[in-house]
Student: 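I have a structure I would like to understand better, so I am pasting it below and will then ask my questions one at a time.
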Amino acid sequence: MDVGGGSAPSDSGPRPWQSYNTVYTNAKAGMEGVDKEKVQRVVYEMSKGSKYFENEERKEAEMRQKVERMSAQCEKLSAAELSQNQMVADKRVLELEATRDLTKVWLHVDMDAFYAAVETLCDPSLRGKPLAVGSMSMISTANYEARRFGVRAAMPGFIACKLCPELIFVPPDFKKYTHYSDLTRKVFQTYDPNFMAASLDEAYLDITAVCRERNTISEEIAKELRNTVFEETGLTCSAGVAPNQLLAKVCSDIKKPNGQFILPNDRTAVMTFISSLPIRKIGGIGKVTEHILRDVFGINTCEEMLQKSGYICALFSRSTADFFLSVALGLGKTDTPEVRMRKSISNERTFSATADETLLYQKLAELAELLSTDMQREDLHGCTLTLKLKTSAFEVRTRAITLKRYICSSNDILKYASKLLKDELPVSLRLIGLRISHFKTERLGTLADPSQKSLTNFFLGDASKKLKDGNSSCTDTEDHSFASDMGTVIFLEGREMNLHEFGDQPDRIDARDCYQRNLFCENTEITNASSSCRIGDELQVDTPNSRKIDLAVDQSEYSDLLGTHSMLHVFDDGSHLDMAGDGHIMSHNEGNTCSKWQFSWLDDYKCSVCGVELPPSFVEERQEHLDFHLAEKLQREEPANQPRVHSSTQRTTPRQLSARRGKSKKHKASHNDGGHLPIHLFFGKMNQNF
DNA sequence: ATACATACC
DNA sequence: TACTGGTATGTAT
Ligand SMILES: Nc1ncnc2c1ncn2[C@H]1C[C@H](O)[C@@H](COP(=O)(O)OP(=O)(O)OP(=O)(O)O)O1
Ligand SMILES: [Mg+2]
Ligand SMILES: [Mg+2]
């Protein structure tokens, strides 16, 4: 791909194929001696004029527009803006550099031509011959013999046939691949019991301990591991060893197939390695990003990335800029990842394009059935359904709805999927897909993911301490390799809440949901789907460590402004939380780090209700109210010896305070011990928007 | 929350 | 004749 870099005309000239940028000529393993121009020409000839081709051209045009737009943005930057951004970038580089950890030894292992190798193992007569796993429509992978002809994954079979008439096709057989994958994982496990499988054919292993315990250098461990894998499976693999996961992955590709590359845990070695490395080799930088970085900034290598850090900070989001700067410094994840749970499950099918509605509904029903079966296998229930469509012109559309309840039956899936599809008709389609997400996170009173940390723990010191040490699986530093100074996310009934710890004011905490201002209101409804939660209700939370947190459902004093707007008061022995419907948290924790009420707004917090943005003055007013309120509250509470005080909310005006407290007490008094509903609060991975 | 785009195997 | 399928995540609104 990327032959002309935009210099060749798209519809005329002596070499029109040069403008058709396919991914197939990428420098992937095994493509070294390939006649790239020939591949490009054949692919172009076979594709030219097709609907697929037209769509690719449309996408390319969009990409060029994006490049244009960003180039213009670059031009527009004043010298002052630029130097300002350069300062930001330099500061960020220093901060990122400070997180460099060279104490771990990471190994990335990736099987060679995996599907094809398994097929060859099962049918030795295939050995030595060019082989593709897939069909005339699509190839999943090709062995190295076939790659010499330019045949590779994601290439349609009929084009591969033109490149390599001898090519043998074998249809995919996932049972085989999972079987052999399991065999390889048994081997991986002996080197790192917490190894992270990245796919059927690759994994990340922290071999720090093995190297230390056996007093063996990583090179020997890698050799031994690859030998064992071969003995156990008859399959070859390649390995990369480096101080972090990102670099290990790059390294495993270098000596492919059946080879290994070791990058020592030495800063100079890393910087030398990274400086000449084409950015496209880095996981996460694909065709589009490569183009943008090259055509907008003139960045081809990681070294150039560092030189253009000012521009990067000026034009990209914080998290993206951080990722690029991390890459430029050769940084990457060095921690053992937390238990990862699936976030979505989906099915999709391509068929010969049709606009026949009966036929389309029939396909939809089949998919709903399939999806439901897959969900039952893992006992999954989700509340967001996404319909995916691909028109006969290859244009992709998605339509989603989020339901108030969790679903899993094929009937329910089909019911809502049909509604989504109905609105799109008439349309000629070549693909339909269904996806379910936002899973129910709790089953039988226990958390699906045992590694989740409880909110109680967090505020009572356990997780809180770890957060400061930076060595917990849920700290902000762990995701820090790339995710900048993010805090942690709370999930409440499967919904994400951002939780931010201010770096310079460690006892300040602010949280809000990513999307909906009235998340708590929503969650209350969901949680109480069967028993209808009302204002004044109190609930009990079961946390993983068996602590109980009480939640009271409250209503804002501003409900006339905000509409019905519930909020939850959380209180626990010695610590209290007020969680407002707009996502703010106040914490009061006498026994630990917080010795007084804390409250915080984000500077750029935009307060909006029902889609209407409230003016900053509104926010400021509330801040004043709060200050007043807290002062008064502290005064009143200090002498009082109430065992558990319901805090008021930041929306409560001073004048209303006493009335409010009276109400709270009444709620407490009317507390009904029976029928506590479990709500689970737990920490999850950071979201970028903060 | 939704839609669309990008990336990876 | 024929250009995938499954999952995660980023960007923009
Ligand atoms: N685009 C794709 N579509 C469907 N399946 C794919 C695709 N790419 C890869 N796969 C499947 C088949 C591969 O054998 C398997 C592992 O992928 P990957 O490691 O990238 O390639 P590979 O193992 O076939 O060759 P190698 O690793 O030697 O380059 O995943
Ligand atoms: Mg592989
Ligand atoms: Mg792989």
Side-chain angles (χ1 to χ4, degrees), chain A residues 22-24 28 43 46-47 50-56 59 62-63 66 110-111 113-115 133-141 152-162 169 171-172 174 177 181 197-203 249 280 282-292 316-320 323 340-353 367 370-371 374 383-390 392 394-403 420 430-438 482-483 495-496 513-519 522 611 685-689:
Chain A
T22 69
V23 296
Y24 309 128
K28 251 281 189 182
V43 170
M46 296 299 294
S47 304
S50 68
K51 297 209 166 123
Y52 174 83
F53 182 90
E54 309 264 308
N55 189 252
E56 288 300 298
K59 278 159 56 183
E62 264 176 24
M63 199 169 86
K66 195 168 175 183
D110 187 303
M111 305 304 293
F114 185 52
Y115 294 180
V133 176
S135 68
M136 277 313 221
S137 293
M138 184 47 61
I139 290 173
S140 284
T141 196
R152 50 156 297 168
M155 179 181 276
F158 68 91
I159 294 181
C161 283
K162 275 281 183 305
F169 284 85
F174 283 89
Y177 313 142
S181 178
S199 72
L200 278 185
D201 94 317
E202 68 193 78
K249 165 99 176 141
R280 184 63 166 87
I282 275 114
I285 299 185
K287 177 184 149 160
V288 173
T289 311
E290 178 190 35
H291 261 263
I292 290 173
F316 292 101
S317 73
R318 170 90 186 238
S319 63
T320 304
F323 170 67
R340 301 183 313 167
M341 40 197 277
R342 85 148 72 230
K343 295 186 175 60
S344 71
I345 186 165
S346 63
N347 278 171
E348 68 190 51
R349 287 291 166 261
T350 295
F351 43 82
S352 50
L367 285 168
L370 240 170
L371 186 55
D374 289 354
C383 67
T384 299
L385 176 69
T386 306
L387 172 73
K388 176 179 172 182
L389 307 174
K390 184 145 68 183
S392 42
F394 287 84
E395 181 199 348
V396 175
R397 297 179 194 160
T398 61
R399 299 290 179 259
I401 43 162
T402 297
L403 308 164
L420 292 174
R430 76 184 330 274
L431 173 145
I432 299 182
L434 287 175
R435 179 168 73 248
I436 295 264
S437 50
H438 288 132
F482 302 133
R495 307 264 178 164
E496 266 181 293
D513 70 302
C514 312
Y515 308 112
Q516 288 177 299
R517 299 299 175 225
N518 58 348
L519 170 128
E522 175 117 349
K685 224 180 81 189
M686 192 50 217
N687 178 294
Q688 59 116 205
N689 284 333

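All values reported here derive from a predicted model rather than from experimental measurement.
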Student: Categorize A/T289 for me: base, sugar-phosphate, or nothing, with a 4.0 angstrom heavy-atom threshold over every strand shown.
Tutor: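 Result for A/T289 = sugar-phosphate.
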
Student: For A/I285, answer base if it contacts any base atom (sugar-phosphate contacts may also be present), sugar-phosphate if it contacts only those atoms, and nothing otherwise; contact means non-hydrogen atoms under 4.0 Å.
Tutor: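 Sugar-phosphate: the residue A/I285, judged by heavy atoms under 4.0 Å, touches backbone atoms but no base.
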
Student: Tell me which of A/I401 and A/S199 sits closer to the 5' end of DNA chain B, going by the nucleotide each one is nearest to.
Tutor: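 Result of the comparison: A/I401.
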
Student: Looking at residues at least two apart in the chain, or sitting in another chain, which of them share a ring-ring contact (aromatic ring centres under 6.0 Å, His included) with A/F169?
Tutor: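 Per chain and number, A/F169 pairs via ring-ring contact (aromatic ring centres under 6.0 Å, His included) with no residue.
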
Student: Find the distance A/F323:CZ to B/dT6:P and express it as a whole number of Å.
Tutor: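 Whole-Å distance recorded here is 16 Å.
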
Student: From C-beta outward on A/K66, which listed nucleotide comes closest to its side chain: C/dT9, B/dT6, B/dT2?
Tutor: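 Taking heavy atoms from C-beta onward, the closest nucleotide is B/dT6.
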
Student: Base, sugar-phosphate, or nothing: which does A/K249 touch, judged by heavy atoms less than 4.0 Å apart?
Tutor: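 Sugar-phosphate: the residue A/K249, judged by heavy atoms under 4.0 Å, touches backbone atoms but no base.
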
Student: Quick one: label A/I139 by what it contacts on the DNA or RNA (base, sugar-phosphate, nothing), any heavy atom closer than 4.0 Å.
Tutor: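 No contact at all - A/I139 keeps every heavy atom at 4.0 Å or more from the nucleic acid.
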
Student: Could you say whether A/R342 or A/Y52 is positioned toward the 5' end of DNA chain C, judged by the nucleotide with the nearest heavy atom to each?
Tutor: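 Counting from the 5' end, the first nearest nucleotide belongs to A/Y52.
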
Student: Under a 4.0 Å N-O cut-off, is there an ion pair linking A/E56 with A/K59?
Tutor: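 A salt bridge links A/E56 with A/K59.
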
Student: Would you please say whether a donor-acceptor pair under 3.5 Å links the side chains of A/S317 and A/T320?
Tutor: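 Side-chain D/A pair, A/S317 to A/T320: present.
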
Student: Atom CE of A/M136 to atom P of C/dC3: distance rounded to whole Å?
Tutor: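 It works out to 12 Å between those atoms.
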
Student: Heavy atoms under 4.0 Å, any strand shown: does A/K162 hit a base, just sugar-phosphate, or nothing?
Tutor: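 The residue A/K162 makes no contact with any strand.
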
Student: Checking contacts here: which listed nucleotide (B/dT2, C/dT11, C/dC3) is nearest the side-chain heavy atoms of A/F158?
Tutor: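 The closest nucleotide is C/dC3.
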
Student: Tell me which nucleotide among C/dC3, B/dA3, B/dC8 gets nearest to the side chain of A/R280.
Tutor: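 The closest nucleotide is B/dC8.
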
Student: Return the nearest nucleotide to the side chain of A/R399; candidates are B/dT2, B/dC4, B/dA5.
Tutor: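 Nearest listed nucleotide: B/dC4.
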
Student: In this structure, how many angstroms lie between the C1' atom of C/dT4 and the CZ atom of A/F394, rounded?
Tutor: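 Computing the A/F394:CZ to C/dT4:C1' distance gives 11 Å.
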
Student: For A/R397 and B/dA5, is the shortest distance between a side-chain N/O and OP1 or OP2 below 4.0 Å?
Tutor: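 For B/dA5, OP1/OP2 do not have a side-chain N/O of A/R397 under 4.0 Å.
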
Student: Rounded off to whole Å, could you give me the CG-to-P distance for the A/L431 and C/dT4 pair?
Tutor: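 Spelled out: CG on A/L431 to P on C/dT4 is 8 Å.
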
Student: Under 4.0 angstrom, heavy atoms only, what part of the nucleic acid is A/A198 near: base, sugar-phosphate, or nothing?
Tutor: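 Nothing: the residue A/A198, judged by heavy atoms under 4.0 Å, touches no strand.
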
Student: Please check the phosphate of B/dA7 (OP1 and OP2 only) for any side-chain N or O of A/K287 closer than 4.0 Å.
Tutor: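 No, A/K287 has no side-chain N/O under 4.0 Å of OP1/OP2 on B/dA7.
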
Student: The side chain of A/E348 is closest to which nucleotide in this list: C/dT11, C/dG5, B/dC9?
Tutor: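 The listed nucleotide nearest to A/E348's side chain is C/dG5.
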
Student: For the side chain of A/S317, starting at C-beta, report the closest nucleotide among C/dA8, C/dT11, C/dA2.
Tutor: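 Per side-chain heavy atoms of A/S317, the pick is C/dT11.
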
Student: Does A/S50 put a side-chain nitrogen or oxygen below 4.0 Å from OP1 or OP2 of C/dA2?
Tutor: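 It does not, given that no N or O in the side chain of A/S50 lies less than 4.0 Å from OP1 or OP2 of C/dA2.
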
Student: Base, sugar-phosphate, or nothing for A/N347, non-hydrogen atoms under 4.0 angstrom?
Tutor: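 Contact class for A/N347: sugar-phosphate only.
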
Student: Measuring from the side chain of A/S344 (C-beta onward, heavy atoms only), which nucleotide among B/dA7, C/dC3, C/dT7 has the closest atom?
Tutor: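 My answer, after comparing the listed nucleotides, is C/dT7.
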
Student: Could you tell me which residues satisfy ring-ring contact (aromatic ring centres under 6.0 Å, His included) with A/F114, sequence neighbours excluded, listed by chain and number?
Tutor: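 For A/F114, no residue satisfies ring-ring contact (aromatic ring centres under 6.0 Å, His included) once neighbours in sequence are set aside.
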
Student: Counting the atoms with a prime plus P, OP1 and OP2 as sugar-phosphate, which does A/S346 contact under 4.0 Å by heavy atoms, base, sugar-phosphate, or nothing?
Tutor: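 Base contact.
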
Student: How far, in whole Å, is B/dA7 from C/dA2 if one measures between their P atoms?
Tutor: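 Looking at atom P only, C/dA2 and B/dA7 are 28 Å apart.
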
Student: Select base, sugar-phosphate, or nothing to describe what A/I436 touches, counting heavy atoms under 4.0 Å on all strands.
Tutor: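 Nothing, no heavy atom under 4.0 Å.
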
Student: Ignoring backbone atoms, test whether A/R430 places a side-chain nitrogen or oxygen under 4.0 Å from the OP1 or OP2 oxygen of C/dT4.
Tutor: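 Checking A/R430 against C/dT4: at least one side-chain N or O falls below 4.0 Å of OP1 or OP2.
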
Student: C/dT11 phosphate, OP1 or OP2: any side-chain N/O from A/T320 under 4.0 angstrom?
Tutor: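 Looking at the OP1 and OP2 atoms of C/dT11, one of them is under 4.0 Å from a side-chain N or O of A/T320.
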
Student: On a heavy-atom basis, which atom in A/V396 and which in A/K388 lie closest, and how many Å separate them?
Tutor: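 In this case the closest contact between A/V396 and A/K388 is CG1-CE, 4.0 Å.
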
Student: Does A/A154 offer a backbone N or O that forms a donor-acceptor pair with the side chain of A/Y24 under 3.5 Å?
Tutor: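 Yes, A/Y24 side chain to A/A154 backbone: donor-acceptor pair under 3.5 Å.
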
Student: Could you tell me the separation between the CD1 atom of A/I282 and the P atom of B/dT6, rounded to a whole number of Å?
Tutor: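 About 19 Å, once rounded to whole Å.
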
Student: Kindly point out which of C/dT4, C/dG5, C/dA8 is positioned nearest to the side chain of A/R349?
Tutor: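 Side chain of A/R349 sits closest to C/dG5.
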
